[in-house]
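What follows is a single structure, written as structure tokens, with notes after it.
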Amino acid sequence: MAPQPEARIMTDQPILLKTLLTQRHWQTYSTFCKEYDKAAKKVDPSLQGGWPSRAQLHRWLTGELKGLPYSGHCRVLEAMFPGRSAHELFSTHTAEVPTPRTEPEPARSADPETEICAMPQMADVTAVFSSRSAFSSAYPASTLFDSAKEINAAGLSLNVLCQGYPDHQLRRLLDSGTRIRCLFLDPKGQAIRAREAEERYTDSTLTTLTALNITMLTRLRDRLDTASAQRLELHVYDETIRFNLLIVDRAFCVVQPYLPQARGVDSPTLVMRDNTAADGLFPVFDQVFNEMWERSEPV
């Protein structure tokens with residue numbers, strides 16, 4: 001069944017699908033895709049893996065969609081939310097939606113790894129630190145990486161991976177299937193020299209450190225078997241540096257701006273978790289990384 005060509009009238013009322021996803025804590029893109037696949041397996045196994053793109057899901061949840069998605073999507077969504085038709089899911093609503101019955105969770109203490117900011121004006125930002133050192137105290141490298149399945153890092157020298165995490169642990173991750181993409185500021189480029197001048201280095205400090213870190217990872221890659229080596233991708237870029245980005249498992253993002261004349265370690269640090277229903281910042285910086293990666297060159 002083709003999607004209906006009806007235009008949706010934008011309102012301030014939320015789309016029912018968005019409300020239901022939020023109630024079930026399925027609003028992050030990665031969680032939505034997992035739940036989509038579970039339902040697709042029951043409806044038609046051929047629909048597994050056919051979840052919408054992140055941008056497409058955003059349009060679904062913000063009311064930008066005209067009519068309904070294609071029939072395959074509708075079938076899966078109706079299986080995800082039994083008793084709700086696709087027309088209902090994509091309609092706005094004003095009535096109270098019953099909260100699903102769930103077992104009460106045991107009390108737990110505040111934990112920076114799991115604490116979710118309840119303030120709506122913070123969107124998907126879950127923590128803010130005044131400096132990189134304050135962030136590192138709350139989020140040690142082992143907490144960030146030990147269970148990761150995908151790590152994307154972009155910035156200058158990427159010390160959090162190269163200096164803050166042991167080689168044997170990186171090798172364990174790569175051998176177990178983790179994909180790691182590292183995007184360094186090119187130590188042979190013009191942008192890193194401009195940054196050294198801005199930070200008032202006169203002895204090529206940033207150039208030397210970045211080249212050293214690239215060499216360390218290159219040597220590690222050379223010691224891996226073919227399959228593991230292909231999972232470690234090293235690229236360089238030569239552009240004005242704006243952010244240090246760390247994205248783990250497409251769900252957890254750390255962003256640090258590069259301030260004028262200040263070292264990276266002194267930069268304020270934002271932590272965010274993908275929350276598709278919150279119209280947050282995660283997709284913005286995920287796109288920044290992907291576009292930088294496309295413009296970069298492999299080492």
Side-chain angles (χ1 to χ4, degrees), residues 1-100 102 116-126 150 152 247 249-253 272-291:
M1 180 180 72
Q4 300 298 314
E6 303 169 2
R8 179 177 301 286
I9 299 175
M10 300 293 290
T11 76
D12 293 333
Q13 296 297 329
I15 300 300
L16 178 59
L17 176 60
K18 178 176 180 177
T19 300
L20 294 174
L21 289 175
T22 303
Q23 285 188 347
R24 288 159 174 76
H25 306 293
W26 295 352
Q27 65 266 41
T28 68
Y29 183 67
S30 57
T31 301
F32 173 85
C33 291
K34 290 177 183 177
E35 297 299 329
Y36 185 102
D37 256 4
K38 289 179 185 178
K41 185 177 181 180
K42 298 175 183 177
V43 173
D44 182 349
S46 68
L47 297 174
Q48 287 183 272
W51 54 75
S53 67
R54 187 188 298 275
Q56 189 176 3
L57 179 58
H58 178 77
R59 290 194 294 272
W60 287 6
L61 301 183
T62 54
E64 298 176 20
L65 185 68
K66 295 182 178 180
L68 296 176
Y70 287 102
S71 60
H73 287 315
C74 292
R75 293 170 62 197
V76 174
L77 290 171
E78 288 174 352
M80 291 174 67
F81 303 100
R84 302 282 186 177
S85 69
H87 282 282
E88 288 181 282
L89 292 172
F90 287 94
S91 66
T92 58
H93 73 94
T94 57
E96 184 86 12
V97 178
T99 301
T102 58
I116 300 298
C117 180
M119 299 174 64
Q121 65 267 33
M122 293 293 287
D124 52 3
V125 176
T126 60
E150 180 177 302
N152 293 328
I247 302 173
D249 290 336
R250 303 183 184 182
F252 179 86
C253 180
M272 57 199 71
R273 291 184 180 278
D274 180 22
N275 184 348
T276 306
D279 299 331
L281 298 178
F282 184 98
V284 174
F285 290 105
D286 185 54
Q287 182 177 355
V288 168
F289 176 87
N290 289 325
E291 291 179 353

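To the nearest 0.5 Å, the span separating CG on L21 from CD on Q27 amounts to 7.5 Å. Atoms CH2 and CG, from W51 and D37 in turn, are 5.0 Å apart once rounded to the nearest 0.5 Å. The CZ atom of R84 sits 5.0 Å away from the CG atom of L16 when rounded to the nearest 0.5 Å. Taken to the nearest 0.5 Å, the OG atom of S30 stands 13.0 Å off from the CZ atom of F252. Taken to the nearest 0.5 Å, the CZ atom of F282 stands 8.5 Å off from the CG atom of D124. Atom CG of L57 is separated from atom SG of C33 by 7.5 Å, given to the nearest 0.5 angstrom.
C74 approaches P69 most closely through the heavy-atom pair SG-O, 3.4 Å. Between I247 and F285, the closest heavy-atom pair is CD1-O, 4.0 Å. The minimum heavy-atom distance linking L68 with A86 is given by the pair CD2-O, 3.7 Å. Nearest approach of E78 to L89, heavy atoms of both residues: N-CD1, 4.3 Å.
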Handout entry: Criterion side-chain contact (heavy atoms from CB on, under 4.5 Å) on D286 and R54, from CA distance to verdict
Key = CA-CA 11 Å; D286 185 54; R54 187 188 298 275; 3.8 Å; yes

Exercise for the section: Decide yes or no on side-chain contact (heavy atoms from CB on, under 4.5 Å) for W60 and L77, but give the supporting numbers first. Expected result: CA-CA 12 Å; W60 287 6; L77 290 171; 3.8 Å; yes

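In this structure, D44 contributes its side chain and S46 its backbone to a donor-acceptor pair below 3.5 Å. A distance-only check finds a donor-acceptor pair linking the side chain of D274 to the backbone of Y29 [under 3.5 Å]. In this structure a side-chain-to-backbone donor-acceptor pair under 3.5 Å is missing from Q48 to A40.
Heavy-atom contacts from other residues, nucleotides or ligands closer than 6.0 Å to CZ of R250 number 12 or fewer.
Side-chain contact between F81 and E88 is absent, with no heavy atoms from C-beta onward closer than 4.5 Å.
Ring orientation note: the planes of Y36 and H73 are nearly perpendicular, at an angle over 60° on the 30°/60° scale.
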